[in-house]
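See below for the structure under consideration.
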Amino acid sequence: SSGINAEYGVVWHGLDQVPGASDVINHLISLNKKVIFVTNNNSKTRKSFRESVQNILGISVSNDKLYSSGITAGLYVKQKLKPGEKIFLIGTKGLSETMDESGVEYIGHGTCDMDASYFTDFLDYVPERNVKFVVGAFDCYFNYAKMAKAFIYIKECGAEYIATNLDLRCNISKTRILPGTGSVLAGLNQSLGIQPLVIGKPSTIMFDIISADHNLQEKSKILMVGDNLLTDIQFGMNAGIDTALVLSGVTNKSMLNEESCIKPTYVLDSIADIK
Amino acid sequence: SSGINAEYGGNKQVPGASDVVKHLLSLNKNVIFVTNNTSKTRAAYRETFKAVLDITVSDNQVYSAGISAALYVKQKLKPGEKIFLIGSKGLSETMDESGVEYIGHGCDMDASYFTDFLDYIPESNVKFVVGAFDGYFNYAKMAKAFIYIKECGAEYIATNLDMNHSLNDSRLLPGTGAVLEGLNQSLGMQPKVLGKPSPIMFDMISKDHNLEDKSKVLMVGDTLQSDIQFGINSGVDTALVLSGITSRDVLDQEASIKPTFIVNSIADLLK
């Protein structure tokens, strides 16, 4: 059977493991259970993710046990791109490295785009051919030039539009909230009048891909463990599998009690309680 | 009486426009130009009117969404107070022209990830965030604007929120509204909009020109949703010219926005 773990807040906090996490995971692996890591973070390549799991948990995992919204976006487009076809990429350096890792060819990425000073800069803009996807993720350098190009690739060239996640806000500390990835992409979405296909939890796209990669046939033998009701537990519910909420991360007991629609199958203090 | 004209884009006058405007001026009518554009200072407009229409205009005859934003904040800023400015170079020059002190304008490459803002300390005395079209608007600017509004209580105004911009009717692009949309959604609020069809510009013009009798004011424009709606919102008569964006078909399809008069071009106003 498989255990799908959400990453941060479940198995580690920052650079330290949640106490007991590595013991539990080693135990599950020794019982021949498949443990797969699933996160919405999209700044890590599989290689870098593997290194984190090794450094923080002391566990060796293979690439195919690691899925993030970025990694999955790479796998998703790779399946569908024919030779010579490429994507227009909006994202961090980590995401571009993830695309490299998957052998996906991309344009548009980076810190330096043309300085679009006005709409008229796009009068004579000729889009490249063979751009089949626009992939949207957090990108600090997303400016009007990138937005206009993405708009043109989607609207004029028919590129399929996918995004890693659309969270409008990001809690960066106890005292500060900031705009999130959803805010970076909101203008593009509203001006297009469409929403992208979202890869990250709670969308089931990652589950479909994991299922196919690992031949997961019996849903009743899968448990999704996570600390976030809206992403992890909802993801499990959408995928039709059992869920376990751990209270060691973003969700505490009172938040759980306030939430009436999203109900985990099990509730645990931490992953160490999985016996 | 006053005629308020919406401006027209492009560098050539609509045939006969110059004659009409000169004629109105000779009849002692107050002709005021109103546009949602934000890239020109009043000085630049004076030059454009001279070059394209062969007319000399004074500063207080020209109002753009950018100029009005500058006047609006200038009225309310105390000495030492400033604004966080999202906009083009032309808008920053407009702020300079009005003596408004601003920060945040231009290209900001500071941030590479959310965490760069963990320890960001906002400047004090930033009383407004002014939003307009800005080719350089990126995450660093959005996060700072968000912080000034949410944490520091700065008032948030924008020149316009048009979601799309049509380039010569051949290419559709995201508009100023799209640039600011992420900021608005993450804040969960909309800015106060200065551009047409909001009547804020009319209120300013009214005060500056002492327009007491609204029945003597005519708003002339080529766009139903901005110009004509602006006139309607301001409580004045409107004249739609069919020489610009709006054709007869579009006019016939638009049931809710009704101009008082319809003319083929501004030249017909002489008749």
Side-chain angles (χ1 to χ4, degrees), chain A residues 14 41 43 90 92-94 111-127 138-152 154-156 166-193, chain B residues 9 37-39 87-90 106-122 133-147 149-151 161-168 170-188:
Chain A
N41 184 292
S43 60
I90 299 159
T92 56
K93 182 153 171 287
T111 63
C112 191
D113 194 295
M114 63 187 259
D115 292 341
S117 57
Y118 203 56
F119 304 115
T120 41
D121 290 342
F122 282 91
L123 254 170
D124 302 320
Y125 176 76
V126 178
F138 179 77
D139 179 1
C140 259
Y141 304 109
F142 186 69
N143 58 5
Y144 186 76
K146 292 194 185 199
M147 183 176 358
K149 289 177 181 178
F151 183 93
I152 287 168
I154 295 162
K155 200 155 180 64
E156 294 181 21
L166 290 180
D167 303 332
L168 270 182
R169 293 177 174 200
C170 161
N171 277 47
I172 111 172
S173 72
K174 288 210 164 86
T175 49
R176 180 163 271 171
I177 310 176
L178 288 177
T181 300
S183 297
V184 172
L185 301 173
L188 177 59
N189 302 348
Q190 282 292 114
S191 59
L192 283 168
Chain B
N37 189 290
T38 61
S39 61
S88 60
K89 182 155 170 287
C107 188
D108 184 344
M109 296 297 264
D110 284 354
S112 59
Y113 204 59
F114 302 112
T115 41
D116 291 340
F117 284 94
L118 255 170
D119 302 320
Y120 176 77
I121 298 175
F133 178 81
D134 182 350
Y136 298 110
F137 188 68
N138 60 3
Y139 187 77
K141 293 196 190 200
M142 182 174 3
K144 289 176 184 177
F146 183 93
I147 287 168
I149 295 162
K150 198 157 181 62
E151 294 181 22
L161 291 179
D162 301 334
M163 199 48 74
N164 290 93
H165 182 91
S166 177
L167 267 184
N168 295 352
S170 61
R171 173 167 265 170
L172 194 64
L173 289 176
T176 300
V179 173
L180 299 174
E181 180 67 9
L183 177 59
N184 301 348
Q185 282 200 23
S186 58
L187 283 167

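Reckoned from all heavy atoms, side chains included, excluding hydrogens, waters and symmetry mates.
- Here CG of A:Leu168 is found 7.0 Å from OG of B:Ser186. Values are rounded to the nearest 0.5 Å.
- Proximity to chain A is absent for every atom of B:Thr38, based on heavy atoms less than 4.5 angstrom apart.
- The most heavy-atom pairs under 4.5 Å with chain B, out of A:Leu192, A:Ile177, A:Thr175, come from A:Ile177.
- Using a 4.5 Å cut-off between heavy atoms, A:Phe142 contacts chain B through its backbone alone, with no side-chain atom that close.
- Contacts between B:Asn184 and chain A at a heavy-atom distance below 4.5 Å are absent for every atom of the residue.
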For this session: Go through B:Asp108 and B:Tyr136 one step at a time and tell me if the side chain to side chain contact (heavy atoms under 4.5 Å, CB included) criterion holds.
Result: CA-CA 8 Å; B:Asp108 184 344; B:Tyr136 298 110; over 6 Å; no
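- Chain A forms the most heavy-atom pairs under 4.5 Å with one residue out of B:Asn138, B:Val179, B:Leu173, and that residue is B:Leu173.
- For the atom pair OG of A:Ser43 and NZ of A:Lys93, the computed distance is 11.0 Å after rounding to the nearest 0.5 Å.
- The structure places OG1 of A:Thr181 at 4.0 Å from CZ of B:Phe114, a figure rounded to the nearest 0.5 Å.
- Options A:Pro179, A:Gly187, A:Cys170, A:Ala186 differ in how many heavy-atom pairs under 4.5 Å they form with chain B, and the most are formed by A:Pro179.
- Here the CG-CE distance, from A:Asn143 to B:Met142, works out to 11.5 Å after rounding to the nearest 0.5 Å.
- Note: A:Ile172 leads A:Val184, A:Leu185, A:Ile172 in heavy-atom pairs under 4.5 Å with chain B.
- Between B:Phe133 and A:Tyr118, the distance separating the two ring centers is shorter than 6.0 angstrom.
- Only the side chain of A:Ile152 comes within contact range of chain B, judged by heavy atoms closer than 4.5 Å.
- Looking at B:Lys141, neither its backbone nor its side chain comes within 4.5 Å of chain A, counting heavy atoms on both sides.
- Heavy atoms closer than 4.5 Å to chain B are found nowhere in A:Asn189, neither backbone nor side chain.
- The CG atom of B:Leu161 lies 8.0 Å from the OG1 atom of B:Thr176; values are rounded to the nearest 0.5 Å.
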